[in-house]
Amino acid sequence: MIFCISFLALFFSSYTITPTSSTSLQDDFINCLHKNTNVDFSLEQTFFTPGKNVSVFNEVLESTAQNLRFLARSMPKPVFIFNPTDESHVQASIICSKKLGVHIRVRSGGHDYEGLSYVSEIEKPFIVMDLSKLRKINVNIRDNSAWVQAGATVGELYYRIAEKSKVHGFPAGLCTSLGIGGHITGGAYGSMMRKYGLGGDNVIDANIVDAKGKLLNRSSMGEDMFWAIRGGGGASFGTILAWKIKLVPVPKTVTVFTVTKTLEQDVGNKILSKWQVVADKLVEELFIRVIFNVAENNGSVIFKILYVTIWPNSDKRPSRHINWIRDMYSYMMPYVSSNPRQSYVNYRDLDLGQNMKNTKSNFKNAQVWGTNYFKGNFDRLVRIKSKVDPENFFRHEQSIPLLPVQG
Ligand SMILES: *[C@@H]1O[C@H](CO)[C@@H](O)[C@H](O)[C@H]1NC(C)=O
Ligand SMILES: *[C@@H]1O[C@H](CO)[C@@H](O)[C@H](O)[C@H]1NC(C)=O
Ligand SMILES: *[C@@H]1O[C@H](CO)[C@@H](O)[C@H](O)[C@H]1NC(C)=O
């Protein structure tokens with residue numbers, strides 16, 4: 001497959017004090033961190049600012065940014081990037097960004113389609129907390145489980161499982177550079193989904209930092225929040241530190257095959273329509289997907305489609321490609337779900353609408369894209385959000401909004 005797809009990570013904050021300069025903001029933040037954690041950190045290896053060394057700063061910012069479009073010069077940049085090396089640093093960061101009134105974005109694998117884990121266009125200044133140094137994986141074959149920290153990639157997780165057993169696996173995405181933290185917040189689907197469901201269905205516990213900086217697990221967060229963080233999208237309820245996942249049985253030998261047909265060989269587009277009819281009826285161990293570059297098919301679709309356009313870095317006219325994909329999206333209208341037209345939250349799309357800068361009126365706007373992503377579950381997500389983060393600390397362009405104030 002040619003592209004990797006995926007997801008997320010992410011974020012929050014609030015505005016009370018505007019620091020006078022980025023230097024004093026950083027100093028204030030560091031002082032505040034020291035007061036809120038007992039675990040020391042090396043400034044050299046955890047703090048990156050353009051002022052200190054712009055090439056190192058850019059390297060860290062770009063390290064896991066999967067969509068180069070959001071690194072353009074015109075895009076807003078974080079005042080600094082902090083790479084916590086201990087879970088207590090994440091708790092302290094949330095306490096401190098709230099205290100200092102600076103908006104914070106959190107990144108695990110950086111796959112977020114809209115770059116929300118490392119760019120904030122509506123709330124400035126902002127900082128990025130990059131979880132790439134929190135990537136421990138502890139596989140326990142005896143009880144079929146593993147704890148995996150948010151900054152680990154899906155590929156690392158699969159590798160660590162395979163090191164211990166050839167007959168255990170985890171049903172998540174195909175793209176190995178996905179950060180597991182954000183990936184599961186949007187469900188996490190992959191080639192074992194027919195047999196075992198989504199990654200989110202196979203999570204048995206989680207550690208998350210809430211808006212007060214408190215570390216919660218499944219029993220202390222409660223089942224509502226535990227439900228919301230496994231599919232309700234990233235960065236609305238807290239910062240995921242780690243997931244405890246259930247391992248599933250896999251065969252020692254996996255067979256993979258590719259059948260390639262040109263349009264000329266497939267007279268009348270029979271293959272695609274046949275696939276639609278049989279794909280869900282075959283044994284669950286068989287996963288078949290179709291990738292096509294040019295399609296002219298009038299069949300209806302109850303399947304998920306990913307629209308992708310890729311262009312070389314050297315292409316100076318990205319708007320051409322973006323307009324093309326928007327046309328494609330409109331063109332498909334008659335053939336896909338309607339009322340609502342459904343969308344996958346980990347294919348985040350700001351064209352569906354976005355929150356304004358932390359206003360109470362976001363609920364109405366958000367109903368549009370919220371229903372696309374979550375259908376009837378949107379209302380429940382809003383109720384949970386209002387309960388666990390009433391000050392809307394964890395927010396971004398498409399975070400779950402608060403319930404409107406009554407009266
Ligand atoms: C920035 O860091 C790089 C890599 O460590 C180093 O080679 C370079 O000299 C530094 N630049 C400045 C201006 O300190
Ligand atoms: C969850 O957290 C609570 C409160 O900190 C603790 O008492 C409990 O043992 C934890 N549960 C698990 C399964 O770790
Ligand atoms: C698809 O539908 C359009 C409009 O109804 C029709 O003109 C076209 O021939 C159809 N194409 C195929 C491949 O059936």
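Hydrogens, waters and symmetry mates are skipped; everything else that's a heavy atom, side chains included, is used. Just so you know, ligand 1 is whichever comes first in the structure, and atom 1 is the first atom listed for that ligand.
Summarising the local packing, CD of E44 is surrounded by 12 or fewer heavy atoms from other residues, nucleotides or ligands at distances under 6.0 Å. Counted within 6.0 Å of OH on Y159, heavy atoms from surrounding residues, nucleotides or ligands total 12 or fewer; the atom is thus considered open.
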Steps toward salt bridge (charged side-chain N to carboxylate O under 4.0 Å, His left out) verdict (E397, R105): CA-CA 11 Å; E397 285 80 344; R105 297 280 164 138; 2.9 Å; yes
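Within a 4.0 Å radius of atom 4 (C) of ligand 2, the protein contributes no heavy atom. Within the 4.0 angstrom cut-off, atom 9 (O) of ligand 2 has no protein heavy-atom neighbours.
Taking every heavy atom of S219 and a limit of under 4.0 angstrom, the matching atoms of ligand 2 come to 1 (C).
Atom 14 (O) of ligand 2 has its closest protein heavy atom at N217 ND2, 3.4 Å. At the top of the distance list for atom 11 (N) of ligand 1, counting protein heavy atoms only, stands N53 ND2, 3.0 Å. For atom 13 (C) of ligand 2, the closest heavy atom belonging to the protein is D205 OD2, 3.9 Å.
In this structure, R380 satisfies the cation-pi test against W227, with its NZ or CZ atom closer than 6.0 Å to the six-membered ring centre and inside 45 degrees of the ring normal. A cation-pi arrangement, defined by a distance under 6.0 Å to the six-membered ring centre and an angle within 45 degrees of its axis, is present between R107 and Y118.
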